[in-house]
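Computed from a prediction, not measured in an experiment: that's the story for all the values here.
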Amino acid sequence: MLAPRRFSFNDEFVGLLEGLKAQLPKVKRLIVMSDRSAPQTGSLSFIGEYESLLAAASPDYDFPDFDENTQATTFYTTGTTGLPKGVYYSHRQLVLHSICGLALFGMAGTQGRFSRDDVYMPITPMFSRPRLGFSLVRDARGVKQVYPGRYEPAMLVKLIKSEGVTFTHGVPTILQMLLDAALRRVSI
């Protein structure tokens with residue numbers, strides 16, 4: 001398995017990373033992501049803030065040629081079925097999963113169809129299989145995307161309404177929290 005050389009994370013986890021940094025000798029550069037104008041950095045050194053680095057980057061990139069079975073991603077599970085573990089997907093697996101998703105949602109009738117007119121907001125972790133495969137489907141469809149940041153039920157309900165979200169997915173626990181938050185708003 002390839003070890004990451006760069007590590008991006010939300011600034012809410014700076015304290016946690018400060019305690020783990022010594023255990024990550026192969027991580028050479030840190031990139032911070034934040035909704036704040038001045039990200040929290042603690043005692044850590046960062047090469048920059050994600051959005052700023054992205055805005056300053058060149059739109060051109062010469063992609064290297066590699067075998068389709070090369071590892072594309074590494075995710076760490078939450079351990080809901082036992083001990084947490086690292087899993088990876090190859091480029092081939094990601095492409096095939098996405099093609100199947102495009103075919104599935106493209107063949108659906110009016111109900112269940114996913115098109116460029118939809119507004120997508122994921123409410124599952126990135127390592128979750130539904131979100132991972134759907135990441136490429138939503139990009140290929142060219143839909144508007146809404147990213148909530150922290151999963152706070154009242155804020156999620158507000159975003160669904162204000163942004164006109166038409167498509168989302170989540171685990172039962174999060175969906176129950178959304179329903180409860182929506183019911184509380186109605187009863188107020």
Q | Ring centroid separation His97 to Tyr89 under 6.0 Å | A | no
Q | Nearest-0.5 Å distance, CG of residue Leu17 to OG1 of residue Thr41 | A | 11.5 Å
Q. Heavy-atom distance under 4.5 Å between the side chains of Leu44 and Glu18, does that happen here?
A. yes
Q. With a 4.5 Å limit on heavy-atom distance, are the side chains of Phe46 and Ile31 in contact?
A. no
Q) Are Leu159 and Met121 close enough that some pair of their side-chain heavy atoms sits under 4.5 Å apart? A) yes
**Q.** Remaining members of the apolar cluster that contains Leu179, side-chain heavy atoms under 4.5 Å
**A.** none
(Q) Please report the interatomic distance CD1(Ile123) to OG1(Thr173), rounded to the nearest 0.5 Å. (A) 12.5 Å
(Q) Main chain of Ser52, side chain of Glu49: is a donor-acceptor contact present, judged purely on distance under 3.5 Å? (A) yes
(Q) To the closest 0.5 Å, what do you measure between CG (Asp118) and CD (Gln145)? (A) 11.5 Å
Q: State the NZ-NZ distance between Lys161 and Lys158, to the nearest 0.5 angstrom.
A: 11.0 Å
Q | Side chains of Gln93 and Val95 in contact at under 4.5 Å (non-hydrogen atoms) | A | no
Q.
Quick check on the hydrophobic clustering: are Tyr151 and Met155 connected, directly or via other members, by side-chain heavy-atom contacts under 4.5 Å?
A. yes
Q) With a 4.5 Å limit on heavy-atom distance, are the side chains of Val137 and Leu104 in contact? A) no
Q. Under the side-chain hydrogen bond (donor to acceptor under 3.5 Å, both in side chains) test, which residues partner Lys144, sequence neighbours left out?
A. Glu163
Q.
Would the distance check show the side chain of Ser98 and the main-chain N or O of Leu136 forming a donor-acceptor pair, the cut-off being under 3.5 Å?
A. no
**Q.** Shortest non-hydrogen contact between Asp67 and Thr70, atoms and distance
**A.** O-OG1, 2.7 Å
(Q) What I'd like to find out is whether the side chain of Val157 reaches to under 4.5 Å of the side chain of Leu178, using heavy atoms alone. (A) yes
Q | Value rounded to 0.5 Å, distance of CD in Glu68 from CG in Leu94 | A | 12.0 Å
Q) Do any N or O atoms from the side chain of Arg141 and from the backbone of Phe114 form a donor-acceptor pair under 3.5 angstrom? A) yes
Q) Pro153 and Ala181: which non-hydrogen atoms are nearest, and at how many Å? A) CB-CB, 3.7 Å
Q.
Do Leu53 and Met33 sit in one hydrophobic cluster, given that two such residues count as connected whenever their side-chain heavy atoms are within less than 4.5 Å of each other, even indirectly?
A. yes
Q. Side-chain contact, heavy-atom cut-off 4.5 Å: Tyr120 with Val146?
A. no
Q) If every non-hydrogen atom of Ser90 is compared with every non-hydrogen atom of Asn69, which pair is closest and at what distance? A) CB-O, 3.6 Å
**Q.** Side chain to side chain, Leu30 and Ile47, heavy atoms closer than 4.5 Å
**A.** no
Q. Which value, rounded to the nearest 0.5 Å, describes the distance between Arg29 atom CZ and Ser45 atom OG?
A. 12.0 Å
